[in-house]
Amino acid sequence: MSAPAAPPAMSTRATVKCDVLIVGAGIAGCATALMLTRRGKSVTLLERDQAGTRASAVNFGGVRQNGRDLRELPLAMRAREMWDHLPELIGLDGEFRATGNLRLASDEAREVQLAEFHQKAGALGLQLEMLDRPQLKARYPWLSDKPRLGVLCPSDGHANPRLVAPAFAGAAQEAGANLIEHAEVTEGWYSSGEFQLRVADGRTFAAPVLVNCAGAWAGKIAGWFDEPVTLVPEIPQVQVTEPLPYRIRPVLGFVGGDFYLRQTLRGSILFGSGQGRATADATRSRPLPETMRRGMEIAIDFIPGLAQVPVIRSWTGVDGDTVDGVCVLGQSETHPGLFHAFGFNGHGFLLGPAVGAVLRELICDGKTPTEIDELGIGRFRTPTTGSTSEQSNSLPPLRGKDAEA
Amino acid sequence: MSDGNTGPRLQRVADLDRQLIEISIDGWQLSAMEGDTILVAMLTQRGLLRQKQEVEPAGAGFCLMGACQDCWVWLEDGRRIRACSTYVEAGLRIRTTWPSSLLES
Amino acid sequence: MAQQPPRILIVGAGPAGLRAAELLVAAGCAPILVDEAPRIGGQIYRQPPRVPGFSRAAKELYGSSAERAKDLFVAFDRIRHRIDYRPQSLVYDLIDNRAFIATAGKTSQLEFDALILATGAMDRIVPAPGWTLPGVYSLGGAQIALKHQGCTIGAKVAFVGVGPLLLLTAYQYARAGVTPAAIVLPSRRGALIGAGLPLLGHPSAAARGLRWLLGLRRRGVPILFDHRLERVAGEESVTGIVVKGSGAARKIACDAVALGYGLQSETQLADLAGARFAFDAAQRQWLPLTDGFGRAAGREHLYIAGDGNGILGADAAEARGRLAALALLADSGLEAPGYRPGPDLVAVARWTRLQANLRRAFALPVDLFTALPDDTLLCRCEGVPVGAYRGIAGIMGARELNRAKSYSRVGMGRCQGRLCGHAAAEVLAGTLGVSLDSVGRLRCQPPVKPVTVATIAERQI
């Protein structure tokens, strides 16, 4: 930590070169680094804070395909398979248990949504089970009468993000990735056939391939390369109770109701609803009392037995939401060699491993068997942003006019 | 009493001339003194506030000032309360185990 | 400015909070005083319940501090009708200028213009094998049982730790007819005398300490200096302690243990309120950064008074309460009629010197934490042993308490690190071979203490 007494000659310090530069050491960035290093690429991973500490580590911990936007479902299903092999990937199971995910509807409109998902996702090969009210009561006696219909995805479950996210970072490092923490990327450009990045302390990095996994801050980085995406900060807030005997097996989610709940193996019940508050630069966030209160109200409405359980802590994380609710994954439409994986809308935890696999395939093989066409950044391309390439210090667009399609 | 419970833990050494009131612990009737905290009412007659159970070991409190959170007990009416900072009332019904009905009905 | 008196919230009705309230009332303000206890006094002047049959006089309850306690209670009675006093109420969250308060299962929200935190202190705990057995209590708890409820924590109690409170409580137990099984101090007797010499500059404090020591000796209580607690013995309950001095370890039979290694400030609310913290090397704790009056750095209109801002004791707390109130008034453009801070500033300086001397006198052995066996429970809420915590030290960024908490659960439980936080910091720093300040401090997460779902939802069942 001790800085040299003499002023460091930042500008003359040699640029660090590698095969692939990754910005953001969350679960997506670390999984990508891990997969690429295992394929023999030299990877440098730049992280503004500490690896695996932001949304990747403080999220709710749901491993969920149930209720996914269908555009994300193929990626989610691939990811889910990978979770069975977590120990081989990162050396621990991260407390992952396939206890199921139960999605509930409490009014007619949401019942319709739920039934529709059941039908369409089923057609894509996702195993689901529909439960009416008597079936719900029989199986989950702690539920109130409010839920009218449930869809259970038995292969879903939950894991401990506090362990999983850093384990991905650790595995990537062990595999040989060069993880550089406390390195906020402040500038990026393309020149001499390479992506160039400068971090806050002046160090520079260059590589022919750049992967943008910068979470809530990724929209800005995409903007440096002429495909800006507006991300709305999302600050999910989670409350946790004291430990209780383990009774609630499936993870619960409510259609349109913004409420989710699970019981950890330790026995604590985690539940979330609504947003906390973040600073303008989204680097710090904290829970809001109003959000906490609202979460408690919903919790009692659906599980009356929770009323007298003490809540012992709460916390928040920061993620970036896209306007259409699904993530951005795939290659740039302006710069060959640039890849994006961000905008996970607060539900990227499950996806992390598959994001790494898909990006490895795209970078090393130029293609992926996973259906991600609808996740491309091009969907945010507007006529104005499309015509700004002359202002940039960049190469011509990758797919030229085709990008409009 | 039962379940690894020992005899009385706390000793009354002063302020003994108080009204007695009836409370119950796990269905057993017993007398406490008016002004007792639930912790004192229990531990002047038995060794534990809480039996060993699924999620935690047996316990008898620790800090007595509302900081350690080791003395939460259940009441038969479903309330969860901290024994060191709640006073007894006549007819109070305390339980030393987790009410299994909580997430089962 | 300031035609409308500011809305002032004081948290804590111990000596600091009460003296702050008194000065604010004198200046024409009507503060809101929120306190967790059912009656005023804080832990130091904890009162028995207002119930017939609690008959001990102040002298019996508070010993040589009886007059100060009585003065404080009288002062409160004088201002009682001018303030909004809310007993048995927990401020469980603070954000911006709002406080969230749980009272008897209900939540209320309160807006304030200025905030005085007088949240006091609690025991500092050093774990030992067996310290979570039923029958082991904090030293403060042992004293509260006696003051507040007329009880002792056992029939044969061993007192283990350091500090004046250890001797005082043991002495009070002896006088109540429950003769301690032993007093065990890791401090060296010679060091205590040597470092204690400056205490002669505080004759009343020195005399009190001597009286307690002699009183215990006279009753035949073994006082074991330079002895450590090896473990608490017992299967389901305490049956004794095993202690070790320079010779072989030996067992002392007892049915209860009072454990306390000095005091630590309760700073969770200051953290939520946005105070900036600085490491205090002498107290080995991160404390809110304030000026000499208790004005917090990093947050306007926040004042921190009494032992919640570093341990100086109850007498100093009264002065620090007034000083914080004065700063608040000055910052609000108001005057404190008839109050001159000089004597209080002098008193605080004197108590600061005394506490520094006491800390030297009762210095802990440097290897107290590194010597802990791996199977000692570190975090009693989550059941995490010292060895498991040492095991994650340094892994993937766990060179800092919050990261280590994230991996190990230490500090994540019901008490939010109040009991284990200090020991965790010492163990982490010791394992990594770094200084205590470099492992940082545990961040507080609301609610500061457990609150039921129904209370926060404002639902009655």
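Sequence lines set the chain letters: A, B, ... in the order given, protein chains first and strands last, and positions in each chain run from 1.
In terms of heavy-atom pairs under 4.5 Å with chain B, the best-connected choice from C/Cys415, C/Cys151, C/Ala155 is C/Cys151. Options C/Gln88, C/Glu266, C/His148 differ in how many heavy-atom pairs under 4.5 Å they form with chain B, and the most are formed by C/His148. For the set B/Arg82, B/Arg12, B/Arg18, B/Glu56, the entry with the most heavy-atom pairs within less than 4.5 Å of chain C is B/Arg18. In terms of non-hydrogen atom pairs under 4.5 Å with chain B, the most contact-rich of C/Gly260, C/Pro52, C/Ala142, C/Pro48 is C/Pro52. Chain C forms the most heavy-atom pairs under 4.5 Å with one residue out of B/Ala58, B/Ala14, B/Cys84, B/Ser85, and that residue is B/Ala14. In terms of non-hydrogen atom pairs under 4.5 Å with chain B, the most contact-rich of C/Gly413, C/Gly383, C/Gly135, C/Ala37 is C/Gly135. Chain C forms the most heavy-atom pairs under 4.5 Å with one residue out of B/Thr44, B/Asp36, B/Ile81, B/Val55, and that residue is B/Asp36. Here C/Arg380 is the residue among C/Arg380, C/Arg418, C/Glu235, C/Gln143 with the most heavy-atom pairs under 4.5 Å with chain B. The greatest number of non-hydrogen atom pairs below 4.5 Å with chain C, out of B/Gln19, B/Arg80, B/Glu34, is found for B/Glu34. The choice from C/Thr152, C/Ile153, C/Val51, C/Asp255 that makes the most heavy-atom pairs within less than 4.5 Å of chain B is C/Thr152. Per-residue counts of heavy-atom pairs under 4.5 Å with chain C were compared for B/Leu49, B/Val40, B/Leu39; the largest is that of B/Val40.
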- prompt: Should C/Arg219 and C/Arg175 be marked as a side chain to side chain contact (heavy atoms under 4.5 Å, CB included) after you check the CA-CA gap, both sets of side-chain angles, and the distance that decides it?
  reply: CA-CA 9 Å; C/Arg219 288 172 175 84; C/Arg175 284 179 51 114; 3.8 Å; yes

message: Please determine whether side chain to side chain contact (heavy atoms under 4.5 Å, CB included) holds for the pair C/Leu259 and C/Leu139, giving the CA-CA distance in whole Å, both sets of side-chain angles, and the decisive distance to 0.1 Å.
response: CA-CA 5 Å; C/Leu259 208 59; C/Leu139 178 63; over 6 Å; no

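Salt bridge annotation for B/Glu22-B/Arg93: absent, with no cationic side-chain nitrogen under 4.0 angstrom from a carboxylate oxygen.
Note: B/Trp98 and B/Trp74 have perpendicular aromatic rings, judged against thresholds of 30 and 60 degrees for the angle between ring planes.
Of all heavy-atom pairs between C/Ala314 and C/Pro15, the closest is O-CB, 3.8 Å. Across every non-hydrogen atom of C/Gly411 and C/Cys379, the tightest pair is N-SG, 3.8 Å. Scanning both residues, C/Val136 and B/Phe62, for their nearest heavy atoms gives O-CD1, 3.2 Å.
In this structure, no portion of C/Leu90 lies under 4.5 Å from any heavy atom of chain B. There is no contact between C/Glu60 and chain B, counting heavy-atom distances below 4.5 Å. Of the atoms belonging to B/Leu43, it is side-chain heavy atoms, and not backbone ones, that fall under 4.5 Å from chain C. When heavy atoms are compared at a cutoff of 4.5 Å, C/Ile144 approaches chain B solely by way of its side chain, counted from C-beta outward. Contact of C/Arg50 with chain B is not made at all, since no heavy-atom distance falls under 4.5 Å. Neither the backbone nor the side chain of C/Ala256 comes within less than 4.5 Å of any heavy atom in chain B. Contact annotation for C/Arg56: both backbone and side-chain heavy atoms come within less than 4.5 Å of a heavy atom of chain B. Neither the backbone nor the side chain of B/Thr86 comes within contact range of chain C; no heavy atom of the residue lies under 4.5 Å from a heavy atom of that chain. Using a 4.5 Å cut-off between heavy atoms, C/Ile125 contacts chain B through its side chain alone, with no backbone atom that close. Contact annotation for C/Val157: neither backbone nor side-chain heavy atoms come within less than 4.5 Å of a heavy atom of chain B.
Among residue pairs with one or both ends in residues 40-49 of chain C, those qualifying as side chain to side chain donor-acceptor pair (under 3.5 Å) are C/Arg39-C/Gln47, C/Gln43-C/Arg46; sequence neighbours excluded.
Panel note: side chain B/Asp15, backbone C/Ser55; a donor-acceptor pair is recorded below 3.5 Å. The closest donor-acceptor contact from the side chain of C/Asp271 to the backbone of C/Cys444 lies under 3.5 Å.
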Considering only distance and modelled atom types, tabulate donor-acceptor pairs under 3.5 Å from the side chains of residues 447-457 of chain C, sequence neighbours left out.
unit_1	atom_1	unit_2	atom_2	d
C/Lys449	NZ	B/Gly66	O	2.9
C/Lys449	NZ	C/Glu36	OE1	3.4
C/Lys449	NZ	C/Glu36	OE2	2.8
C/Thr452	OG1	C/Thr455	N	3.3
C/Thr452	OG1	C/Thr455	OG1	2.7

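The closest side-chain donor-acceptor pair between B/Thr96 and B/Gln51 falls under 3.5 angstrom.
Within the cation-pi definition used here (under 6.0 Å to the ring centroid, within 45° of the axis), B/Arg50 does not qualify as a partner of B/Trp72.
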